[in-house]
2 protein chains.
Amino acid sequence: MTPLKGKATSFDIAYLAGVSQSTVSRALRDSPAVNQETKDKIFAIAKQLNYKVDKNASNLRKQTTGTLALLLFEDPTVDESQINPFFLAMLGSITRACSQRGHDLLVSFQQLSNDWHADYEDSKKADGIILLGYGDYKDYEEKLNTLLAQQTHFVCWGAEVHGHPEFTIRSNNLQGGKLAGQHLLQQGRKRFAFLGNASDHSPEFLARYQGMVHALEQAGIAENTVAQLDAISTEQAGFDAINQLHAQGKSFDALFCASDLIAIGAIRALQKKGLKVPEDVAVVGFDDIPVASFSSPALTTIQQNTSLAGEMLVVNLLKLINHQPVELTEIQPKIIVRHSCGAAER
Amino acid sequence: MTPLKGKATSFDIAYLAGVSQSTVSRALRDSPAVNQETKDKIFAIAKQLNYKVDKNASNLRKQTTGTLALLLFEDPTVDESQINPFFLAMLGSITRACSQRGHDLLVSFQQLSNDWHADYEDSKKADGIILLGYGDYKDYEEKLNTLLAQQTHFVCWGAEVHGHPEFTIRSNNLQGGKLAGQHLLQQGRKRFAFLGNASDHSPEFLARYQGMVHALEQAGIAENTVAQLDAISTEQAGFDAINQLHAQGKSFDALFCASDLIAIGAIRALQKKGLKVPEDVAVVGFDDIPVASFSSPALTTIQQNTSLAGEMLVVNLLKLINHQPVELTEIQPKIIVRHSCGAAER
DNA sequence: CTGAAAGCGCTTACAG
DNA sequence: CTGAAAGCGCTTACAG
């Protein structure tokens with residue numbers, strides 16, 4: 001075999017094997033319509049030439065890509081350099097799930113303000129899109145509607161696309177909020193506060209809030225006694241929110257935060273004011289990001305199963321692409337009791 | 001304009017604009033050889049049809065992809081569900097750097113044992129490959145040589161490809177080790193231990209070890225007084241290594257760990273044995289992963305600048321692809337003093 | 001400044 | 001079981 005200039009093509013193999021290029025193509029995709037001997041010969045030559053199917057050519061012909069795109073968008077206010085650890089964990093599980101199913105993953109960060117919605121599938125770079133991120137849901141929804149109108153294949157994490165539950169994988173946030181509320185009640189706490197946006201601009205956080213309120217009401221605590229303050233999912237926002245709450249003269253002995261990052265910032269602010277966690281204020285977070293177990297005190301939190309979530313996102317997107325029915329998936333949250341709530345022995 | 005069945009192509013635009021398809025193609029790429037009026041008309045129609053260039057077709061024709069592949073491989077022993085936070089941070093900065101340069105990023109996890117080396121560029125899915133990961137360098141090197149032989153465009157983080165510094169972006173690990181050693185010496189520590197493989201199976205860790213030894217020798221402390229134990233970059237390995245060191249009857253008041261993950265595990269093991277950090281043992285890690293500031297005590301560590309590293313990886317790979325000379329890049333490490341070394345006030 | 005034509009490397013009816 | 005041929009949707013010499 002003489003070395004060829006440039007990469008080998010199926011024609012080179014055909015020439016060397018003494019068959020037609022069509023046969024080579026069939027053999028390489030292991031078509032049952034090809035004689036085993038012919039196949040063996042072709043495989044051997046392909047291996048020798050270090051031949052790889054040109055994906056651009058095969059995708060162009062097949063009109064498909066074998067690739068999924070992950071669009072990760074963030075609140076534009078967030079520091080550029082840091083990605084929310086929760087999404088990073090999701091990224092990990094999504095990447096694994098893709099590999100397992102023989103798909104490639106195209107990853108891209110986006111600002112919510114950009115025109116991210118249109119391009120990946122239309123330009124044939126991906127068969128479908130996975131959306132991941134926090135941000136104002138009202139802005140988000142608009143893009144989602146464009147995607148819907150363009151019949152792009154997509155799934156998203158967390159927030160439901162109005163009237164289309166099949167496009168979403170989400171945690172049971174209401175249940176998560178209930179778990180947090182109930183647990184805090186069990187610790188004998190009476191005066192509650194919640195950090196995180198609790199409006200339809202942030203449906204996930206809202207559900208967490210509502211879940212907690214639900215638990216409190218069952219225990220005879222009225223919603224109007226609960227202090228609530230908006231916070232995006234960053235440490236800084238949690239820190240600031242506590243200071244604001246105190247400036248407003250609000251007092252509380254139980255604090256439920258819409259995310260761990262908020263909780264960690266809040267704990268810092270509380271400690272800076274000389275308050276003890278959990279003695280003075282019991283704190284529960286949400287997500288169970290890796291740092292949660294390292295904060296002081298270790299953070300009690302509502303865990304979201306990122307492995308399952310990532311897996312389901314990929315599985316459902318693939319089903320959508322293949323026009324198969326999807327399972328409606330809701331991930332069940334789980335409370336991880338550590339020290340910040342005052343329950344576990346220290 | 002009547003809506004077209006399926007996606008619009010450049011022929012549809014040509015028909016609508018009353019020009020040839022060649023002209024459309026030129027106009028869309030903003031070729032100076034096209035009349036501005038014609039361009040305007042074509043752009044307007046393209047927008048109306050929500051036209052997007054088919055990347056498979058254009059890549060096939062241009063024989064390029066506009067895509068970079070990131071191969072993230074891990075020690076197979078590591079728990080499947082967790083990715084080393086340091087690499088996750090790198091992933092973030094690489095993704096950003098790619099977007100900024102108009103490239104897509106294909107991400108893939110690999111076991112070091114797999115045949116990952118060949119496919120991405122050969123199959124025309126990417127113009128080049130970024131390699132990221134820990135693992136036995138001896139195994140790694142072999143793959144790298146294959147890549148080299150195949151003339152694949154690639155860059156890698158950390159370990160130098162024998163005789164080819166241009167393919168690597170690395171921290172000055174030797175300097176990092178020195179900083180750690182010097183700092184520990186300044187705290188008055190005399191009896192040193194190092195956790196991490198210090199052989200050519202792990203050149204980065206080895207250099208960190210050597211840097212520390214170098215600092216110690218300058219202070220008159222001989223290398224043979226230093227306790228060293230292998231550990232891969234996980235908490236568990238750090239935890240186990242401490243127990244083993246104690247079982248061997250080794251005692252030390254200064255501990256330098258080849259990574260933060262090792263350090264965090266080591267601190268847990270020390271504390272479990274009733275030893276105080278930093279009073280009994282001062283600990284310094286390496287990487288400055290996000291959890292480092294949250295461990296108790298907060299971890300003093302040698303920071304690697306992941307933003308710069310990710311950026312340089314992308315920049316150099318792009319240069320390699322375009323046959324331009326690359327800058328030899330070495331990232332300068334920086335010591336972040338927190339509490340685990342006993343230096344900062346608590 | 002514009003058009004007709006070739007061709008990138010495959011996959012897949014169609015025919016035998 | 002195999003081959004000849006068309007065609008996926010572009011880009012880019014070549015010619016005018």
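Everything numeric in this text was worked out from a predicted model, so none of it was measured. Every chain is numbered from 1 and lettered A, B, ... according to where its sequence line falls, protein lines coming before strand lines.
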Rounded off to whole Å, could you give me the [atom1]-to-[atom2] distance for the [X] and [N] pair?
X     : N      : atom1 : atom2 : value
A:Q21 : D:dA6  : CD    : P     : 14 Å
A:F11 : C:dT11 : CZ    : C1'   : 11 Å
A:N59 : C:dT11 : CG    : P     : 10 Å
B:Y15 : D:dG9  : OH    : P     : 18 Å
A:K62 : C:dC10 : NZ    : P     : 12 Å
A:L60 : D:dG7  : CG    : P     : 14 Å
A:D54 : C:dG7  : CG    : P     : 17 Å
B:Y51 : D:dG9  : OH    : C1'   : 7 Å

Sub-3.5 Å donor-acceptor pair from the side chain of [X] to the main-chain atoms of [Y], do we have one?
X      : Y      : result
B:N316 : B:V326 : no
A:T168 : A:R170 : no
B:K39  : B:S31  : yes
B:T38  : B:V34  : no
A:S93  : A:T306 : yes
A:N35  : A:E37  : yes

Please work out which of the three classes, parallel, tilted or perpendicular, describes the rings of B:F86 and B:W157, given edges at 30° and 60°.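 Rings of B:W157 and B:F86: tilted, 30 to 60°.
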Hey, does B:S10 reach any base, or is it just sugar-phosphate, or nothing, if we go heavy atoms under 4.0 Å? sugar-phosphate
Determine the contact category for A:T9: base if any of its heavy atoms lies under 4.0 Å from a base atom, sugar-phosphate if only primed atoms, P, OP1 or OP2 are that close, otherwise nothing. sugar-phosphate
Requiring both pairing distances under 3.5 angstrom, list the stems that contain DNA chain C and are made of three or more consecutive Watson-Crick or G-U pairs.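 As far as DNA chain C goes, consecutive pairing (with distances under 3.5 Å) yields the stems C:1-3 with D:14-16, C:5-12 with D:5-12, C:14-16 with D:1-3.
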Could you check which residues of residues 23-39 of chain A get a heavy atom under 4.0 Å from DNA chain C? Sort them by number, please. A:S25, A:R26, A:R29
When B:A57 and B:S20 are each assigned the nearest nucleotide of DNA chain C, the 5'-most assignment goes to B:S20
May I ask you to evaluate whether A:Q63 reaches the phosphate of D:dG9, defined as a side-chain N or O under 4.0 Å from OP1 or OP2? yes
Does A:F43, at its CZ atom, have more than 12 non-hydrogen atoms belonging to other residues, nucleotides or ligands within less than 6.0 Å? yes
Would you please name every residue forming a salt bridge (charged side-chain N to carboxylate O under 4.0 Å, His left out) with B:R101, sequence neighbours left out? B:E311
